[in-house]
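Here's the structure we're looking at; comments come further down.
Index from 1, following the sequence. Bear in mind that the values here come from a model prediction, so they are computed numbers and not experimental data.
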Amino acid sequence: MKLRRQKHAKKNMGFYKHNFHFREPFQVLLDGTFCQAALRNKIQIREQLPGYLDGATQLCTTRCVLKELESLGKALYGAKLIAQRFQVRNCSHHKDPVSGSACLLSMIEEGNPHHFFIATQDQDLANKVKKKAGVPLLFIIQNTMVLDKPSPKSLAFVQKLQTDQLVPEHQKQSIVQLKEKEGLAKQAGEKRRKRKRAGGPNPLSCLKKKKKTQEGQEPSAEKKKRRKRKRNRVKAEAVQSVQKNEEE
């Protein structure tokens with residue numbers, strides 16, 4: 001189980017190193033919920049995390065996270081002591097502190113330029129982090145630290161980046177210029193007109209018209225006459241046979 005977890009972490013780290021240029025030392029932003037879960041599960045973050053990520057790490061937090069832990073009192077006193085051991089990163093909330101989750105989200109704005117990891121047990125914060133490309137997410141489950149797999153947002157970003165790299169920007173511009181030169185470029189909103197093809201005569205108009213004269217009625221009249229003649233013959237033969245019998 002440990003080897004499998006290590007393989008998944010190595011694979012995910014390779015994704016972020018290759019596509020988002022993460023380098024050592026890896027900067028990990030922790031909030032109070034992660035520190036509390038580490039204390040409860042007896043996890044030594046400073047000692048265990050570098051081995052799990054296979055590289056040197058810098059554990060850090062923000063003033064807003066520390067203020068939030070202080071306001072929560074004795075319940076999170078141990079988590080506050082752990083967080084105070086980490087480096088404090090400057091945030092933009094010096095005068096008006098915000099919640100720890102809001103502060104961490106502000107630290108990864110504009111494409112996460114400082115390449116922060118986010119370590120949290122807050123599910124709402126985790127869902128918001130997954131909506132941003134290039135932000136690795138760490139959490140604790142079953143007494144172990146886990147690096148989450150890349151989010152769909154990160155995968156889509158990388159796929160688009162690879163597609164754009166197939167055709168360089170200068171080649172795209174040259175293609176557009178050639179189309180305009182040859183008159184192949186379409187103006188916006190211009191509709192393509194359909195050319196009318198020279199068609200032949202309507203095949204239905206070539207069919208012979210049926211004669212609506214009395215010719216179509218003659219056969220039925222002849223059939224009626226034939227039927228009458230047959231009936232007359234039958235009657236005549238019957239009368240003759242009756243007369244013969246009477247004479248006898």
Examine the side chains of D122 and T33 and answer whether a donor and an acceptor come within less than 3.5 Å of each other. no
Joint cluster assignment, V135 & V146, ILVMFWY side-chain distance < 4.5 Å: no
Within a 6.0 Å radius of atom CD on E110, are there more than 12 heavy atoms belonging to other residues, nucleotides or ligands? no
Is atom CD of E109 surrounded by more than 12 heavy atoms (other residues, nucleotides or ligands) closer than 6.0 Å? yes
Which heavy atom in L30 sits nearest to a heavy atom in C35, and how many Å separate them? CB-SG, 4.4 Å
Of all heavy-atom pairs between A79 and L39, which one has the smallest distance, and what is that distance? N-CD2, 4.1 Å
Side chains of S106 and H93, heavy atoms from C-beta outward: is any pair under 4.5 Å? yes
Shortest non-hydrogen contact from Q121 toward I140: OE1-N, 2.7 Å
same_hphob_cluster(F139, V129) at 4.5 Å side-chain heavy-atom cutoff: no
Between K132 and L105, is any pair of side-chain heavy atoms under 4.5 Å apart? yes
Donor-acceptor check, side chain of N112 to backbone of G134, threshold 3.5 angstrom: yes or no? yes
Before giving the answer on side-chain contact (heavy atoms from CB on, under 4.5 Å), spell out for E68 and C103 the whole-Å C-alpha distance, their side-chain angles and the decisive distance to 0.1 Å. CA-CA 11 Å; E68 185 179 54; C103 185; over 6 Å; no
Please tell me whether F15 and F117 are part of a single hydrophobic cluster in this structure, the criterion being side-chain heavy atoms less than 4.5 Å apart. yes
Does the side chain of P136 come within less than 4.5 Å of L147's, by heavy atoms? yes
If you count the non-hydrogen atoms of other residues, nucleotides and ligands that lie under 6.0 Å from NZ in K153, is the total more than 12? no
Might you confirm whether atom NE2 of H94 has over 12 heavy atoms from other residues, nucleotides or ligands at distances under 6.0 Å? yes
How about Q84 and L69: do any of their side-chain heavy atoms sit closer than 4.5 Å? no
Short side-chain to backbone donor-acceptor contact, Y52 and T144, under 3.5 Å: no
Using only heavy-atom distances, determine whether the side chains of R89 and Q87 contain a donor-acceptor pair under 3.5 Å. yes
For F22 against H115, the heavy-atom pair lying closest together: CE2-O, 3.3 Å
Joint cluster assignment, F26 & I45, ILVMFWY side-chain distance < 4.5 Å: yes
Kindly say whether P25 contributes a backbone atom to a donor-acceptor pair with the side chain of Q58 at under 3.5 angstrom? no
Output the distance between atom OG1 (T62) and atom NZ (K67), rounded to the nearest 0.5 Å. 12.0 Å
Quick one: does Q6's side chain have a donor or acceptor within less than 3.5 Å of a partner on G51's backbone? yes
Considering all heavy atoms, the nearest A83-L66 contact: CB-CD2, 3.7 Å
Output, in order, the C-alpha distance, side-chain angles, deciding distance and verdict of side-chain contact (heavy atoms from CB on, under 4.5 Å) for K130 and D148. CA-CA 10 Å; K130 290 178 182 179; D148 197 14; 3.2 Å; yes
Are L137 and M13 linked, directly or through other ILVMFWY residues, by side chains that come within less than 4.5 angstrom of each other? no
Y16 and F20 aromatic ring geometry - parallel, tilted or perpendicular at 30°/60° bounds: tilted
Working for side-chain contact (heavy atoms from CB on, under 4.5 Å), residues R63 and N90: CA-CA 7 Å; R63 290 187 178 87; N90 293 325; 3.0 Å; yes
Whether the side chain of R85 engages the backbone of R46 through a donor-acceptor N/O pair (distance < 3.5 Å, no angle test) should be reported. no
Which value, rounded to the nearest 0.5 Å, describes the distance between I43 atom CD1 and Q48 atom CD? 6.0 Å
Start with the C-alpha distance between K149 and H8, add both sets of side-chain angles, then the distance that settles side-chain contact (heavy atoms from CB on, under 4.5 Å), and finish with yes or no. CA-CA 8 Å; K149 62 182 181 180; H8 284 302; over 6 Å; no
